[in-house]
Protein chains: 2
Amino acid sequence: MAGKVEARRAALREKLIELAEAQIVAGGLSSLKARQLAQDAGCALGAIYTVFDDMTALVLAVNGRTFQALGQAVRASFEGAEGLAPNDRLIVMSNAYLSFAAEHTHLWRALFDVEMSTDHNVPDWYMSALGGLFALISQPLSQIFPEMEAEELSLMTRALFSSVHGIVLLGLENRISGVPRDQIEVMIAQVLSHIR
Amino acid sequence: MAGKVEARRAALREKLIELAEAQIVAGGLSSLKARQLAQDAGCALGAIYTVFDDMTALVLAVNGRTFQALGQAVRASFEGAEGLAPNDRLIVMSNAYLSFAAEHTHLWRALFDVEMSTDHNVPDWYMSALGGLFALISQPLSQIFPEMEAEELSLMTRALFSSVHGIVLLGLENRISGVPRDQIEVMIAQVLSHIR
DNA sequence: GACGATTATGAACGATGTTCACTCGAGACG
DNA sequence: CGTCTCGAGTGAACATCGTTCATAATCGTC
């Protein structure tokens with residue numbers, strides 16, 4: 001059977017992603033070590049490199065899952081706020097983003113902490129997942145600014161996403177200006193509710 | 001003379017900071033290696049550890065300079081925009097922040113990329129430098145919102161700083177949503193000009 | 001100039017990601 | 001059923017790190 005070895009490799013791949021994700025959840029991206037991972041998976045150290053090019057590729061696989069879960073969380077909040085005013089919808093979505101980041105801090109941080117060297121080109125799902133998020137944001141935005149050009153709207157979308165991301169990032173980072181959860185929500189509301 | 005050894009240590013300390021800064025400028029924080037640094041400085045590897053607790057402490061010293069220069073750049077733009085409307089002052093200051101980040105990307109990134117383990121408590125100058133920046137922001141803000149409480153104003157200040165930081169961060173990061181310089185300026189203006 | 005104390009040195013240590021010469025077992029073939 | 005082959009799996013070895021510490025060099029003092 002030719003597919004046998006293929007299946008075994010796929011199983012190992014899945015197990016490694018699972019264990020790596022658990023390790024990142026438990027101790028952050030920097031606590032993920034090749035040797036410990038191999039031991040946890042009950043495989044040889046070199047086996048990891050038969051399934052992934054390097055550790056970065058493995059982390060990117062984990063990030064793929066995380067991005068999916070993040071998108072799902074934001075989408076759920078988006079659909080749960082159909083009747084709200086555009087500004088409030090943006091706020092609800094941003095709070096969903098905050099919730100995800102707060103409850104899965106290590107996984108969320110890994111999305112941005114993984115180093116992408118120049119040769120490592122950004123995977124397709126990365127950009128498309130981001131595009132999906134942007135589409136969710138631009139919908140309420142186009143209601144707030146009906147006459148805005150598509151290009152300007154696109155910029156505004158990314159600007160607001162980046163703003164919320166910045167607020168969440170620095171808000172959760174204790175050393176810069178760490179702040180209680182509910183105050184982060186206030187900051188998001190302050191910025192977004194004044195957009196009009 | 002008891003001060004002799006002290007002066008020599010201070011000189012070494014200064015030289016190491018200088019060389020480390022140059023290395024970060026040239027190749028980013030991750031390119032800073034203890035051995036290469038010692039060779040550049042013409043000193044022994046262990047000599048570094050007679051002047052700094054560890055590499056992180058050295059990077060923090062470099063960050064101290066960077067923070068100073070960053071504050072100076074923002075302050076200069078603040079003072080050069082005395083007559084402008086509050087919103088425009090905020091935009092000018094934010095553009096100064098963007099300019100600094102764009103022109104000293106590696107040094108600026110090192111400010112946030114250095115890992116602060118739990119025992120490494122944040123230095124005083126770190127918080128006070130940040131406080132200085134915040135004070136600059138809150139001044140135009142208090143003109144826009146004269147009736148706002150001090151506490152709410154403080155939150156708004158940090159919210160806006162975080163927003164601009166997020167826009168600059170993701171805007172300069174090619175993999176997420178990298179964008180030409182002038183478009184980043186547009187994004188900043190979009191968010192800040194709508195604050196009223 | 002000799003001696004004790006202090007400082008600088010760099011080989012050694014422990015991690016870590018990655019590689020590659022070898023092993024070994026499953027399937028093909030006689 | 002025995003043998004043979006070939007490729008996938010293995011883990012010891014390698015290259016690099018930051019950091020330490022026994023030892024050597026240097027300095028201050030009498």
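Worth knowing before you read on, the calculation uses all heavy atoms, side chains too, and leaves out hydrogens, waters and symmetry mates. Below, read A as the first sequence line, B as the second, and so on, with proteins coming before strands; counting in each chain starts at 1. Since this is a predicted model, take the numbers as computed values, not measurements.
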Donor-acceptor under 3.5 Å (Arg9(B) side chain, Thr50(B) main chain)
yes

Neighbour count >12 (heavy atoms, 6.0 Å) for atom CD, Glu149(B):
no

Enumerate the protein-to-nucleotides 21-23 of chain C contacts in which both atoms are nitrogen or oxygen and the separation is below 3.5 Å.
none

Could you tell me whether Glu79(A) and Arg75(A) make a salt bridge, using a distance below 4.0 angstrom between a side-chain N and a carboxylate O?
no

Which parts of nucleotides 13-20 of chain D does protein reach within less than 4.0 Å, heavy atoms only, written one letter per nucleotide 5' to 3' as B for base, S for sugar-phosphate only and - for none?
B---BBBB

May I have the distance from Gln36(A) (atom CD) to dT18(C) (atom P), rounded to whole angstrom?
17 Å

Among Leu60(B), Val59(B), Leu70(B), Leu29(B), find the one that has a side-chain contact (heavy atoms from CB on, under 4.5 Å) with Leu111(B).
Leu70(B)

May I have the distance from Leu37(A) (atom CG) to dT18(C) (atom P), rounded to whole angstrom?
12 Å

In whole angstroms, how far is the C1' atom of dT19(C) from the CZ atom of Phe52(A)?
18 Å

Inter- and intrachain pairs under ring pair (Phe, Tyr, Trp, His ring centres under 6.0 Å), touching residues 17-49 of chain B, at least two apart
none

Inter- and intrachain pairs under ring pair (Phe, Tyr, Trp, His ring centres under 6.0 Å), touching residues 70-94 of chain B, at least two apart
none

Atom-to-atom span, CZ of Arg13(A) to P of dG9(D) - whole angstrom
14 Å

Rounding to an integer number of Å, can you tell me how far Arg9(A) CZ sits from dG9(D) P?
7 Å

Roughly how many Å is it from CD1 in Ile48(B) to P in dC21(D), rounded to a whole number?
17 Å

Does atom CD (Gln72(B)) have a neighbourhood of more than 12 heavy atoms from anything else shown, all under 6.0 Å?
no

Between the opening five pairs and the closing five pairs of the helix from dG1(C)-dC30(D) to dG30(C)-dC1(D), how far apart are the helix axes, to 10°?
20°

Does Asp182(A) CG have over 12 foreign heavy atoms under 6.0 Å away?
yes

Write out all pairs satisfying ring pair (Phe, Tyr, Trp, His ring centres under 6.0 Å) with one or both partners inside residues 15-44 of chain A, taking only residues at least two apart or from two chains.
none

Could you check whether atom CD of Glu103(B) has more than 12 heavy atoms from other residues, nucleotides or ligands sitting under 6.0 Å from it?
yes

Under 3.5 Å, side chain of Gln190(B) to main-chain N/O of Met156(A), donor-acceptor pair present?
yes

